[in-house]
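Throughout, a chain's letter reflects where its sequence line sits, starting with A, and its residues are numbered from 1. Just so we're clear, the structure is a prediction, and the values are computed from it rather than from any experiment.
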Amino acid sequence: MKIATYNVNGVNGRLPVLLRWLEQAQPDVVALQELKAPDEKFPAEPIRQLGYEVIWHGQSRWNGVAMLSRIGEIHETRRGLPGDPDPAQSRYIEAAINGILFAGLYLPNGNPRPGPKFDYKLAWFERLIEHAAQLLASGLPVVLMGDFNVMPTELDVYKPERWLDDALFAPETRAAWFRLVEQGWTDALRAMHPDETIYTFWDYFRNAFARDAGLRIDHFLLSPSLKDRLLAAEVDREPRGWEKTSDHTPVWIELAD
DNA sequence: ATGTCGTTTAGCAAACGA
C-alpha cells in the first residue's frame with residue numbers, strides 16, 4: 001500500500017501538476033494540504049476520474065486539506081481537532097480506510113516569531129499532541145501525515161544556523177515535535193534514512209530548488225503496529241521541477257499489506 | 001532585507017500568507 005502526502009499550494013492552480021503526479025506515482029491513499037479553495041471549488045471530478053474517492057475540508061484563500069483513496073471507502077472520523085483554538089481554519093481531516101486510520105494535517109506556519117501566529121502554532125500543536133495520544137491509546141493502526149511545518153533536526157535544514165529564530169525550527173517548535181514523536185510514533189522517512197539529508201520543500205525564492213536549499217517539513221508518523229510494516233519511505237523530487245508547481249514535493253511510504 | 005508564488009477583492013493592483 002502506497003501512501004503519499006503533498007502540499008499542493010493551491011489545488012486549482014496546481015491541478016495539471018496534481019493529476020500528472022497521481023497518474024505517474026499511482027498512490028493508494030493521499031493527503032493533500034493547502035488547497036486554498038472553498039469547499040464548492042474543490043476539483044473533485046477530475047480526481048474521481050482517476051479512480052479516487054475523495055473527501056475535503058476547504059476554506060477560502062488559505063489552508064484546506066483533503067484525503068484520497070483508491071483502495072476502499074473513506075470513512076471520515078473527524079475534521080478539525082478537538083478544542084481547535086480557531087475552528088475556522090481547515091487544517092485537519094481524519095478517516096478510516098481499509099482498516100487503517102489516516103490523519104492528514106497542515107500545522108500552522110507560525111511566523112513571525114514571536115507573535116500571535118507563533119502562539120497559535122504552539123496551541124495547535126498542543127491540541128495535536130493531546131489528540132495523537134488518544135489515537136495511540138486506541139491501539140488502532142494510525143498514520144499521521146502532512147505538512148507539519150517543523151524541521152526536526154539540523155539534518156533537515158540546508159543552513160540550520162540561519163533558521164534558529166524561525167517558527168519552523170525554533171526550540172519550542174522542535175520540542176513540541178519531539179514530545180509528539182516520543183509518545184511512540186515512528187518518523188518514517190528518518191527511520192528508513194537515519195543519516196541522510198532529506199528535503200521536501202524548496203522556497204520559490206533565489207532558485208532554492210536548483211541550489212538544493214531545502215527543508216524537510218512534510219512528515220509521516222506511524223503508530224507502533226505499523227512500524228514493522230514499513231517497506232519504503234521516499235521523497236519524489238521530480239514534480240518539484242515541473243512548470244507551475246508547488247513549493248513542496250510529494251512524499252510517500254510503502255506499507256506491507 | 002530580500003526573493004516568488006496563489007489567492008482574494010472596499011476589485012484588475014495590492015494585500016496577505018507562506
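Following rounding to the nearest Å, A:Glu243 (CD) and B:dG6 (P) show an atom-to-atom distance of 11 Å. One atom, CZ of A:Arg211, and another, C1' of B:dT4, lie 13 Å apart when rounded to the nearest Å. The distance between atom CZ of A:Arg113 and atom C1' of B:dA18, rounded to the nearest whole Å, is 18 Å. As a whole-Å value, the separation of A:Asn9 CG from B:dT8 P is 12 Å. In this structure, the CD atom of A:Gln33 is 14 Å from the P atom of B:dA18, given to the nearest Å. Taking atom CD on A:Gln59 and atom P on B:dT8, their separation rounds to 11 Å, with Å as the unit. Regarding A:Leu215, its CG atom lies at a distance of 12 Å from the C1' atom of B:dA18, rounded to whole Å. With rounding to whole Å, A:His248 atom NE2 is found 18 Å from B:dT4 atom P.
Taking both residues in full, the closest heavy atoms of A:Ser69 and A:Ile97 are given as OG-CG2, 3.4 Å, listed atom of the first, atom of the second, then distance. Closest approach of A:Gln26 and A:Tyr52 over heavy atoms only: C-OH, 4.1 Å.
The 12-atom threshold is not exceeded at NZ of A:Lys227, counting heavy atoms of other residues, nucleotides or ligands nearer than 6.0 Å.
Here A:Arg162 lies out of heavy-atom contact (under 4.0 Å) with every strand. A:Phe201 comes within 4.0 angstrom of no nucleic acid atom, judged by non-hydrogen atoms across all strands.
Applying the 3.5 Å distance criterion, the base of B:dT2 shares a donor-acceptor pair with the side chain of A:Arg206.
One P atom belongs to B:dT7, the other to B:dT2, and the distance between them is 26 Å to the nearest Å. Using atom C1' as the reference point in both B:dT9 and B:dG3, the two lie 25 Å apart (nearest Å). Atom name C1', nucleotides B:dC5 and B:dA10: the rounded distance is 24 Å, in whole Å. Nucleotides B:dA1 and B:dG6, compared at atom P, are 27 Å apart to the nearest Å.
Remark: A:Lys244 is in phosphate contact with B:dG6, judged by side-chain N or O atoms under 4.0 Å from OP1 or OP2. Taking only side-chain nitrogens and oxygens, A:Arg14 comes nearer than 4.0 Å to OP1 or OP2 of B:dG6.
For A:Ser60, the listed nucleotide lying nearest its side chain is B:dT8; candidates were B:dT8, B:dA18, B:dG6.
Judged purely by distance below 3.5 Å, without hydrogens or angles, the side chains of A:Glu94 and A:His131 pair a donor atom with an acceptor atom. For A:Asn7 and A:Asp218, the side-chain atoms include no donor-acceptor pair closer than 3.5 Å.
Residue whose closest nucleotide on DNA chain B sits further toward the 5' end, between A:Lys41 and A:Lys117: A:Lys41. Between A:Phe205 and A:Arg61, the residue anchored closer to the 5' end of DNA chain B is A:Phe205, taking for each the nucleotide with the nearest heavy atom.
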